[in-house]
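Only one structure is covered here, and it is reproduced in the block below.
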Number of protein chains: 2
Amino acid sequence: MLSIGDLSRRTGVKVPTIRYYEQMGLLAAAERSEGNQRRYERGDLERLAFIRHARDLGLDISAIRELISLSEHPNQPCADADRIASDHLKAVREKIEKLKKLEQELARIVSHCDGDHAIEDCYVIRSLSDHGLCDGEH
Amino acid sequence: MLSIGDLSRRTGVKVPTIRYYEQMGLLAAAERSEGNQRRYERGDLERLAFIRHARDLGLDISAIRELISLSEHPNQPCADADRIASDHLKAVREKIEKLKKLEQELARIVSHCDGDHAIEDCYVIRSLSDHGLCDGEH
DNA sequence: TTAAATTCCTCTAGAGACTAGAGCATTTCG
DNA sequence: CGAAATGCTCTAGTCTCTAGAGGAATTTAA
Ligand SMILES: [Zn+2]
Ligand SMILES: [Zn+2]
Ligand SMILES: [Zn+2]
Ligand SMILES: [Zn+2]
């Protein structure tokens with residue numbers, strides 16, 4: 001039986017975060033010691049590692065909740081799990097595209113300023129005041 | 001004199017957001033009508049457009065607050081403004097790098113699953129359970 | 001065995017950048 | 001003049017945690 005601190009050390013998930021996941025319904029409510037402290041076993045360790053890995057890949061809590069509930073029906077088809085992952089991949093790609101546009105615009109703005117003149121002539125300030133100076137939309 | 005709704009229509013910033021910016025100290029507290037409604041003039045329009053553009057470029061409230069206070073000292077050197085923009089550009093680039101790693105990993109995971117088998121054999125679920133199947137870190 | 005050190009408990013609040021809604025007041029238009 | 005549109009303040013909710021208060025349980029060392 002592991003304490004919440006043990007679980008935390010073994011998974012790299014902070015103690016309050018573990019309690020938060022329990023509250024959000026990702027982890028089943030743990031058994032308790034006589035003194036009301038949480039006690040975990042191997043299965044909880046695995047599930048928390050699953051959650052952690054999914055979070056690291058950027059999935060949100062509700063997606064993880066779905067994935068967990070899917071994984072509890074091993075004989076069902078995996079189409080839903082596939083869709084969740086594909087949707088997330090799509091969202092990540094869209095985010096990258098947006099950030100790339102920002103990056104281009106910001107790089108252009110920064111390149112016009114050598115940091116060595118007065119604010120009133122500064123291209124950084126001027127281009128923030130006037131989107132007309134930008135190349136694209138954002 | 002413009003009402004808050006006029007300002008909103010002309011800048012594309014929603015009314016509650018304008019009030020929020022005032023509360024955060026980005027916009028000066030507006031003059032008021034006899035009936036206590038906010039009244040704006042041209043200068044406020046320009047400042048709000050500045051804020052909006054900076055937000056669209058991903059700068060956060062505190063960076064914008066700094067930029068505004070810098071722009072009120074037109075004769076000072078622009079090194080600080082330059083630094084704020086460069087730091088932000090750097091942060092955007094780092095975010096892109098992280099997302100690209102996620103994208104690769106997710107694309108790999110999704111490509112191993114055709115969505116047409118049982119959950120217990122599903123590569124999506126298995127790779128979430130085991131980071132060892134991943135190519136890189138995240 | 002007992003005292004000290006560590007870990008644990010619950011609950012509340014805060015982060016960031018808004019957004020939604022309640023309940024009421026003012027302004028505008030026909 | 002009366003209805004519709006717009007405005008006001010205040011509170012609470014979004015999301016994923018994180019920090020802290022105040023107190024209880026557990027572990028370690030003397
Ligand atoms: Zn400059
Ligand atoms: Zn622009
Ligand atoms: Zn599959
Ligand atoms: Zn991984």
Side-chain angles (χ1 to χ4, degrees), chain A residues 1-27 29-40 44 48 50-68 87-88 91-92 95 98-99 102 138, chain B residues 1-27 29-41 44 48 50-68 84 87-88 91-92 95 98-99 102 138:
Chain A
M1 299 297 267
L2 305 169
S3 70
I4 197 170
D6 295 332
L7 202 62
S8 169
R9 274 182 294 276
R10 295 212 197 181
T11 58
V13 177
K14 289 182 187 161
V15 168
T17 306
I18 296 173
R19 290 195 277 247
Y20 171 74
Y21 289 156
E22 177 185 316
Q23 206 185 318
M24 293 299 103
L26 299 187
L27 283 172
E31 289 178 55
R32 299 293 180 121
S33 72
E34 282 190 15
N36 197 37
Q37 300 193 354
R38 290 170 179 82
R39 291 293 175 261
Y40 297 94
D44 299 304
L48 185 54
F50 180 98
I51 295 167
R52 164 97 211 250
H53 195 207
R55 286 292 301 131
D56 285 346
L57 286 166
L59 289 154
D60 65 20
I61 303 280
S62 74
I64 297 174
R65 206 174 356 232
E66 271 195 80
L67 287 166
I68 288 173
D87 286 355
H88 181 53
V92 167
K95 215 176 274 177
K98 275 190 192 159
L99 286 172
L102 288 195
H138 24 243
Chain B
M1 300 297 270
L2 305 169
S3 72
I4 198 170
D6 296 333
L7 202 61
S8 170
R9 274 182 293 277
R10 295 211 198 183
T11 58
V13 178
K14 287 179 189 164
V15 167
T17 306
I18 296 174
R19 290 195 277 248
Y20 172 73
Y21 288 158
E22 178 185 315
Q23 208 185 319
M24 293 298 103
L26 298 188
L27 283 172
E31 289 178 55
R32 298 295 178 119
S33 72
E34 282 189 15
N36 196 38
Q37 299 192 357
R38 289 171 179 81
R39 292 293 176 259
Y40 297 94
E41 17 188 333
D44 298 305
L48 185 53
F50 180 98
I51 294 167
R52 165 95 212 252
H53 196 207
R55 285 294 298 128
D56 285 348
L57 286 164
L59 289 154
D60 65 21
I61 302 280
S62 74
I64 297 174
R65 207 173 358 233
E66 269 195 83
L67 287 166
I68 288 173
I84 289 170
D87 286 354
H88 181 52
V92 168
K95 214 175 277 179
K98 274 191 193 161
L99 285 172
L102 289 195
H138 22 247

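The figures here come from the full heavy-atom set of this structure, side chains too, leaving out hydrogens, waters and symmetry mates. Per chain, numbering begins at 1; letters A, B, ... match sequence-line order.
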Please report, rounded to the nearest Å, how far the P atom of D/dT14 is from the NZ atom of B/K14.
17 Å
Specify the residue among B/Q37 and A/Q37 whose closest nucleotide of DNA chain D lies further upstream toward the 5′ end.
B/Q37
B/H88 side chain to B/L57 backbone, donor-acceptor under 3.5 Å
yes
Looking at D/dC17, I'd like to know if its phosphate oxygens (OP1 or OP2) sit under 4.0 Å from a side-chain N or O belonging to A/Y21.
yes
I want to check one thing: is the phosphate of D/dT16, taken as OP1 and OP2, less than 4.0 Å away from some side-chain N or O of A/T17?
no
Suppose we screen for side chain to side chain contact (heavy atoms under 4.5 Å, CB included). Which residues come up paired with A/R19, at least two apart in sequence or across chains?
A/I4, A/V15, A/R38
Under 4.0 Å from OP1 or OP2 of D/dG7: is there any side-chain N or O of B/S33 that close?
no
Looking across every strand, which nucleic acid part, if any, lies under 4.0 Å from B/R55 by heavy atom: base, sugar-phosphate, or nothing?
sugar-phosphate
Please report the distance, rounded to the nearest Å, between OH in A/Y20 and P in C/dC11.
17 Å
Rounded to the nearest 0.5 Å, the OG1 atom of A/T11 sits from the CG atom of A/L48 at a distance of 4.0 Å
Nearest whole angstrom, please: distance from the C1' of C/dC18 to the CG of B/L59.
17 Å
With a 4.0 Å limit, can you tell me whether B/R19 has a side-chain N or O closer than that to the phosphate oxygens OP1/OP2 of D/dC8?
yes
Report yes if at least one side-chain N or O of B/R38 is closer than 4.0 Å to OP1 or OP2 of D/dG7; otherwise report no.
no
By nearest heavy atom, map A/M24 and A/E34 onto DNA chain D; which one lands nearer the 5' end?
A/M24
